[in-house]
Amino acid sequence: MKATMRAVVAEDYGPPETLEVAEIPVPRPGPGQVQVRVRASAINPGELRMLAGGPRAIAPLSFPHVVGGDFAGTVTELGSDVTRFAVGDEIFGLGLPRSVIGLATQVASPPSLTTGTLAEYAVCEADTPGLEHRPAGLQADHASTLATVGLTALPLLRAGEFRRGDVVFVIGATGGVGGALLPLLAAAGVHVIATASAIDDGYVRGLGAGEIVDHHTGGTVDEVLRRYPRGVDAVVNLALPGDALADVARVIRAGGRLLNIVFPFHDPALFDGKDLEVETVFTAARPGDLDVLAQRALEGALPVTISRRYGLADGAQACVDLLREHTRGKLVVLCGELA
């Protein structure tokens, strides 16, 4: 095996424009770890925002830092005490940087850690629900998009306790999580109302939305709220900052739910005296969750939502595009041959 590899690397905190594709040593697995030849890696906004330094108090990074957590790839080397996987296995999942092990423990237990997946090779912890075998028939690029968004959508479904016929308003439906959540809500018989711009109307309806609210036409807060539905059973916020949620809560029926995934989180005092349940929902992997997501993908219930594919040489640019341009669905970097 060669000694070095290409990877998308940050040398310090900063904007995505400071990322570069560099030649660095190939990571080797230690006890309980697997080395993976990465085939595809999907980018998530959260991992790029960590590089901006905002959450460094709770999620400090060490540098140089290889970007990326979601992936699909082939096991190429085993550390000692690994029995769950074998060399040649096709696997997929997610990992967080080793320096944020406290945060990783919230996502999966045992924690799912990685050396960074926007790279030719990555090392991951083997014994974690954040990694799973990739079934035959599920393409690597599709599999690479499932972990973070799917492991956010499933906890939202559990927290919402949605029933057939419920009306759920999803804010920020065109992003990666929306691409997983909307089809799962629709499959559960939920009537989905989603925000989207006019150019994304067809895309969001194709994911399962029954109605669309165009949230890009501007206006005051009251004017925007007048375009929102009223009396919905729940709002799922995938886009707005916490301080905007008090206004959004006005569209929820008494006794309804407001579910949020967006950092910085809301101040609970904003909802004092209101007759609704408000909950921040975190990405989390239970044993078997990735198998569920893979099966739903094979059935067509979780469609491919990849809007752009990049080669590894353009991996840094892919990170810039994700944060600086209007995107829908997922951006995927192809780090090796697909199968």
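Computed from a predicted model, the values in this text were never measured in an experiment.
Between the Arg134 side chain and the Leu138 main chain, a donor and an acceptor come within less than 3.5 Å of each other. At distances below 3.5 Å, not a single donor-acceptor pair connects side-chain atoms of Ser62 with backbone N or O atoms of Ser99. In this structure, Ser112 contributes its side chain and Leu94 its backbone to a donor-acceptor pair below 3.5 Å. With Thr105 contributing its side chain and Ile101 its backbone, the two residues share a donor-acceptor pair below 3.5 Å. The backbone N or O of Ile91 lies less than 3.5 Å from no partner atom in the side chain of Asp89, so there is not a single donor-acceptor pair. Proximity of a side-chain donor or acceptor of Asp314 to a complementary backbone N or O of Gln317 within less than 3.5 Å is not detected. Between the side chain of Arg309 and the backbone N or O of Val333, no donor-acceptor pair lies under 3.5 Å. The closest donor-acceptor contact from the side chain of Glu277 to the backbone of Gly256 lies at 3.5 Å or more, if one exists at all. At distances below 3.5 Å, at least one donor-acceptor pair connects side-chain atoms of Thr117 with backbone N or O atoms of Asp70. Looking only at distances, a side-chain donor or acceptor of Asp289 sits under 3.5 Å from a matching main-chain atom of Arg286.
Distance check, rounded to the nearest 0.5 Å: CZ of Phe271 to CD1 of Ile252 gives 8.0 Å. The CG atom of Leu103 lies 5.5 Å from the CD atom of Gln106; values are rounded to the nearest 0.5 Å. If you take SG on Cys319 and CD on Glu17, they are separated by 10.5 Å, rounding to the nearest 0.5 Å. The distance from the CG atom of Asp127 to the CD atom of Gln33 is 12.0 Å, given to the nearest 0.5 Å. Separating the CG atom in Leu118 from the CD1 atom in Ile43 is a distance of 5.5 Å, to the nearest 0.5 Å. One distance of note links CG of Leu238 with CG of Asn260; it measures 8.5 Å at 0.5 Å rounding.
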Step-by-step side chain to side chain contact (heavy atoms under 4.5 Å, CB included) determination, Leu259 to Val235: CA-CA 6 Å; Leu259 304 178; Val235 167; over 6 Å; no
For a side chain to side chain donor-acceptor pair (under 3.5 Å) check, start with the C-alpha distance between His65 and Glu11, then their side-chain angles and the critical distance, and finish with the verdict. CA-CA 6 Å; His65 169 76; Glu11 294 293 342; over 6 Å; no
Worked check of side chain to side chain donor-acceptor pair (under 3.5 Å) between Ser41 and Ser144: CA-CA 5 Å; Ser41 180; Ser144 77; over 6 Å; no
Test side chain to side chain contact (heavy atoms under 4.5 Å, CB included) on Val67 and Leu19 and set out the steps. CA-CA 9 Å; Val67 181; Leu19 296 171; 3.8 Å; yes
ring-ring contact (aromatic ring centres under 6.0 Å, His included) between His133 and Phe85, worked out: CA-CA 8 Å; His133 290 89; Phe85 300 111; 4.8 Å; yes
I would like to know whether Thr195 and Val170 meet side chain to side chain contact (heavy atoms under 4.5 Å, CB included); could you show each step before the answer? CA-CA 7 Å; Thr195 63; Val170 180; over 6 Å; no
Evaluate the side chain to side chain contact (heavy atoms under 4.5 Å, CB included) criterion for residues Leu51 and Leu61: first the C-alpha distance (whole Å), next the side-chain angles of each, then the deciding distance (0.1 Å), finally the verdict. CA-CA 8 Å; Leu51 287 172; Leu61 300 178; 3.7 Å; yes
Checking salt bridge (charged side-chain N to carboxylate O under 4.0 Å, His left out) for the pair Arg257/Glu161: CA distance, chi angles, key distance, verdict? CA-CA 10 Å; Arg257 286 185 168 90; Glu161 299 179 342; 2.8 Å; yes
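Taking each heavy atom of Gly315 and Val21 in turn, the nearest pair found is N-CG2, 4.4 Å. For the pair Leu298 and Pro135, the tightest heavy-atom approach, listed with the atom from each and the gap, is CD1-CG, 3.8 Å. The two residues Leu334 and Ala40 come nearest to each other via the heavy atoms CD2-CB, 4.1 Å. When every heavy atom of Leu207 is checked against every heavy atom of Ala173, the shortest pair comes out as CD1-O, 4.4 Å. Between Pro155 and Gly150, the shortest heavy-atom distance links the atoms CD-O, 4.3 Å.
Each of Asn44, Thr148, Asp141 was compared with Lys330 under the side chain to side chain donor-acceptor pair (under 3.5 Å) criterion, and only Asn44 meets it.
Using a cutoff of 4.0 Å between basic side-chain nitrogens and carboxylate oxygens, Arg39 and Glu120 are not scored as salt-bridged. Taking a cutoff of 4.0 Å between a charged side-chain nitrogen and a carboxylate oxygen, Arg98 and Glu125 qualify as a salt bridge. Electrostatic pairing of Asp321 and Arg324 does not count as a salt bridge here, judged by no charged N lying under 4.0 Å from a carboxylate O. Here Asp166 does not pair with Arg253 in a salt bridge; the nearest charged N to carboxylate O distance is not below 4.0 Å. Between Asp214 and Arg227 there is no salt bridge, since no side-chain N of the basic residue sits under 4.0 Å from a carboxylate O of the acidic one. Electrostatic pairing of Arg37 and Glu337 does not count as a salt bridge here, judged by no charged N lying under 4.0 Å from a carboxylate O.
By the rule that hydrophobic residues join a cluster once side-chain heavy atoms approach within less than 4.5 Å of another member, Leu276 and Leu240 end up as members of one cluster. Leu131 and Tyr121 sit in two unconnected hydrophobic clusters of ILVMFWY residues. Membership requires side-chain heavy atoms under 4.5 Å apart, directly or through other members. Hydrophobic clustering places Val236 together with Leu154 (ILVMFWY residues linked when any side-chain heavy atoms are closer than 4.5 Å, directly or through intermediates). Under the 4.5 Å side-chain heavy-atom criterion for grouping Ile, Leu, Val, Met, Phe, Trp and Tyr, Leu184 is connected to Val177 within one hydrophobic cluster. Follow the hydrophobic side-chain contacts under 4.5 Å out from Tyr203 and you reach Leu185 in the same cluster.
At least one side-chain heavy atom of Asp200 sits less than 4.5 Å from a side-chain heavy atom of His326. Using a 4.5 Å heavy-atom cutoff, the side chains of Val248 and Ile171 are in contact. A 4.5 Å side-chain heavy-atom check between Val167 and Pro229 finds every atom pair outside the cut-off. Inter-residue side-chain proximity for Val34 and Val82 is flagged as met; some heavy-atom pair is nearer than 4.5 Å. Contact annotation: the side chain of Phe282 never approaches that of Val107 to less than 4.5 Å [non-hydrogen atoms, C-beta and beyond]. Looking at heavy atoms from C-beta onward, Pro45 lies in side-chain contact with Leu322 at the 4.5 angstrom threshold. The shortest distance between side-chain heavy atoms of Ile193 and Val213 falls below 4.5 Å.
Residue pairs satisfying the ring-ring contact (aromatic ring centres under 6.0 Å, His included) criterion with at least one member in residues 151-185, sequence neighbours excluded, are listed as follows: Phe169-Tyr228.
For the side-chain contact (heavy atoms from CB on, under 4.5 Å) test, residues two or more places apart in sequence or in another chain that qualify with Ala209 are Leu182, Val192, Ala194, Val204, Ile212. Taking Glu23 as the reference, nothing meets the salt bridge (Lys or Arg N to Asp or Glu O under 4.0 Å) condition, with sequence neighbours excluded.
Around atom CZ of Arg28, no more than 12 heavy atoms belonging to other residues, nucleotides or ligands sit under 6.0 Å away.
Between Phe63 and Tyr13, the ring planes lie perpendicular to each other; the angle is over 60°, past the 30° to 60° tilted range.
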